[in-house]
Amino acid sequence: MLKAARWAWLLTLLAGMAWEQQSPTPVSPQDTTQEQLPSAPSPQNNVPRPAPPPLPAPPAVPAPSPQLGETGAAPAPSQPSERDEMMYTLRVQTNFVVVPVTVKDWRGHLVEGLRRNDFAVFEDGVEQQIKLFTSDPFPLSAAVVLDVGLPDQVLRKVNDTLPALTAAFSQFDEIALYTYGNSVQKEHDFSAVTDRYATAIKRLKKQGQMGGAPVAGGPLGQSSPSVNGKPIDPNAPHGGVYVNYREAHVLNDAILAAAQDLATRPKDRRKLIFVISDGKEVGSRANYAGVLKVLLSNAISVYGVAVGDSSLPLVRDLDKVNAPRSGFGNLLPRYAKSTGGDMFSEFDRNAIETAYASVTEQARNQYTLGYNAKASSPSNSYRAIEVVVHRPGLKVHAKDGYYPLPIAPAL
């Protein structure tokens, strides 16, 4: 019996162990999460699927390769040049003409208070529409031209008036000084009228022509070298030898030199040439017509102060006659009238100093008219201008015409 009981207990133990193996074990939350993850799909076969064809890439723009300089380093990017900027600038061909005008009454006084509708401008006989009208003063760029070929007595009188000449200009003006006789000299370049500049002009003392016939020897001239009253060269002449030479007054050359320098000054200034001379012209390389064309092409006016014999009424009228091979007696009035300037004929010192102030006042306080001219032909032919004031008894000073400057070719 005991043996049978042991076998029954052993069978029961084995049956309980078998039941425990068949029963499910409790699953933890962590294990549940792991079971929910999908497993990797198993390959259906060993042959891999072909990859999809790649999309075509957009064409790449090749970057410019930097140019190496002499040092081997790539240069820094350059700024656009002035030529590149001008290539994108719209150019419009236009001919705008500016006409400075001075109006005086019958007594020679300046007339103020005129308006736009008081003026009329004609070009080649055709009335133009005035687009610009102003009576505002302009700063001056003045080239003072002094004739040093004057008689010494007259030139000494002019030298005494030079302080009044610089005082006639304001601090906003600029002046240059030229002298001429047989040749042209620029004494002082363009500069504001400072105290230092005024002092330099005051110190400019030129000697004029002495009277009498020129000689080369004798008691009235320079004799040959001598020792104890005996000439070193016995063959040298002892008497005075009169020299017959032609005296030159290169007025045209002087005005041309001043005009060429004035052409480079800023365009917002009133440009004038102020000549102090007797107006004689002898020996210039430039002629009157050529110099006048330069003046009118650059809007330069000529003002003159006639001194010496040219300031006398009778001589002033005779100087207008051109004798053959003797030059012109007085060209200043022609220059002044053609360019819209003015003439002042003064004889004594006080009158000359007053003329200086009158020139600067008149040039600075002009009426300024402007209009659009008709399209010009390739040639810069002369065009006549006439300015009319619709009020009786008034005298108008304006340039007689102009030459259109040639237009610069487009780049």
Side-chain angles (χ1 to χ4, degrees), residues 100 102 136-150 155 157-181 183-206 250-279 291 294-295 298-307 332 335-336 339-344 346 349 351-366 368 397 399:
T102 300
D136 295 336
F138 281 74
L140 303 179
S141 291
V144 179
V145 178
L146 176 59
D147 182 4
V148 296
L150 297 169
L155 189 56
K157 186 188 306 181
V158 173
N159 288 335
D160 295 337
T161 64
L162 292 180
L165 173 63
T166 56
F169 294 92
S170 70
Q171 58 181 346
F172 305 103
D173 303 329
E174 61 177 8
I175 64 173
L177 181 60
Y178 301 78
T179 59
Y180 77 95
S183 62
V184 183
Q185 299 291 332
K186 180 191 287 188
E187 304 291 346
H188 299 284
D189 203 352
F190 284 95
S191 174
V193 188
T194 60
D195 293 339
R196 182 178 180 181
Y197 195 87
T199 302
I201 293 181
K202 292 177 185 178
R203 293 176 179 175
L204 182 66
K205 301 291 184 179
K206 295 291 185 178
V250 290
L251 175 62
N252 289 337
D253 292 345
I255 294 179
L256 178 61
Q260 290 174 338
D261 291 342
L262 275 173
T264 63
R265 309 312 300 170
K267 295 183 179 181
D268 58 347
R269 291 177 167 271
R270 190 83 77 205
K271 301 177 183 180
L272 63 99
I273 297 178
F274 190 1
V275 184
I276 307 171
S277 171
D278 57 6
V291 176
V294 175
L295 295 172
N298 295 280
I300 301 174
S301 301
V302 176
Y303 291 81
V305 175
V307 295
L332 282 181
Y335 276 119
T339 60
D342 204 352
M343 279 296 303
F344 299 85
E346 309 298 346
R349 174 180 173 179
I352 295 175
E353 293 178 350
T354 303
Y356 295 160
S358 300
V359 168
T360 55
E361 179 187 9
Q362 179 172 322
R364 186 181 293 110
N365 298 285
Q366 292 179 303
T368 303
H397 295 265
K399 58 185 177 182

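Model, not experiment: these values are computed from the prediction. Along the sequence shown, residues are numbered consecutively beginning with 1.
In terms of heavy atoms, Ala143 sits closest to Tyr178 at CB-CE1, 3.8 Å. Across all non-hydrogen atoms, the minimal contact from Ala200 to His188 is CB-CE1, 3.6 Å. Annotation for Ala363 and Gln366: closest pair O-OE1, 3.5 Å, computed over non-hydrogen atoms.
One finds the CD1 atom of Ile352 at 10.0 Å from the CG atom of Leu162 (value rounded to the nearest 0.5 Å). Residue Leu155 holds its CG atom at 10.5 Å from OG of Ser277, rounded to the nearest 0.5 Å. With values rounded to the nearest 0.5 angstrom, Ile300 atom CD1 is found 10.5 Å from Lys399 atom NZ. Atom CZ of Phe274 sits about 10.5 Å away from atom CG of Leu146, to the nearest 0.5 Å. Put simply, CZ on Phe172 and CZ on Arg364 are 10.0 Å apart, with the number rounded to the nearest 0.5 Å.
Surrounding CG of Asp268 are more than 12 heavy atoms belonging to other residues, nucleotides or ligands, all under 6.0 Å away.
Between Val294 and Ile255 there is no side-chain heavy-atom pair separated by less than 4.5 Å. Using a 4.5 Å cut-off on side-chain heavy atoms (C-beta onward), Thr354 and Phe344 make no contact. Inter-residue side-chain proximity for Thr339 and Ile273 is flagged as unmet; no heavy-atom pair is nearer than 4.5 Å. When side chains are defined from C-beta on, Asp342 does not count as touching Thr102, because their heavy atoms never get closer than 4.5 Å.
Screening Val302, Leu256, Leu262 for a side-chain contact (heavy atoms from CB on, under 4.5 Å) involving Leu295 leaves a single residue, Val302.
Side-chain contact of Arg270 with Ser301: a donor-acceptor pair under 3.5 Å is absent, judged by distance alone. Side-chain N/O atoms of Asn252 and Tyr180 include no donor and acceptor closer than 3.5 Å.
The closest donor-acceptor contact from the side chain of Ser141 to the backbone of Arg269 lies at 3.5 Å or more, if one exists at all. Under the 3.5 Å distance criterion, the side-chain polar atoms of Lys271 are matched with a main-chain donor or acceptor of Arg265. Panel note: side chain Tyr197, backbone Ile175; a donor-acceptor pair is recorded below 3.5 Å. Of the possible donor and acceptor atoms, none in the side chain of Asp261 sits under 3.5 Å from a partner among the backbone N and O of Ala258.
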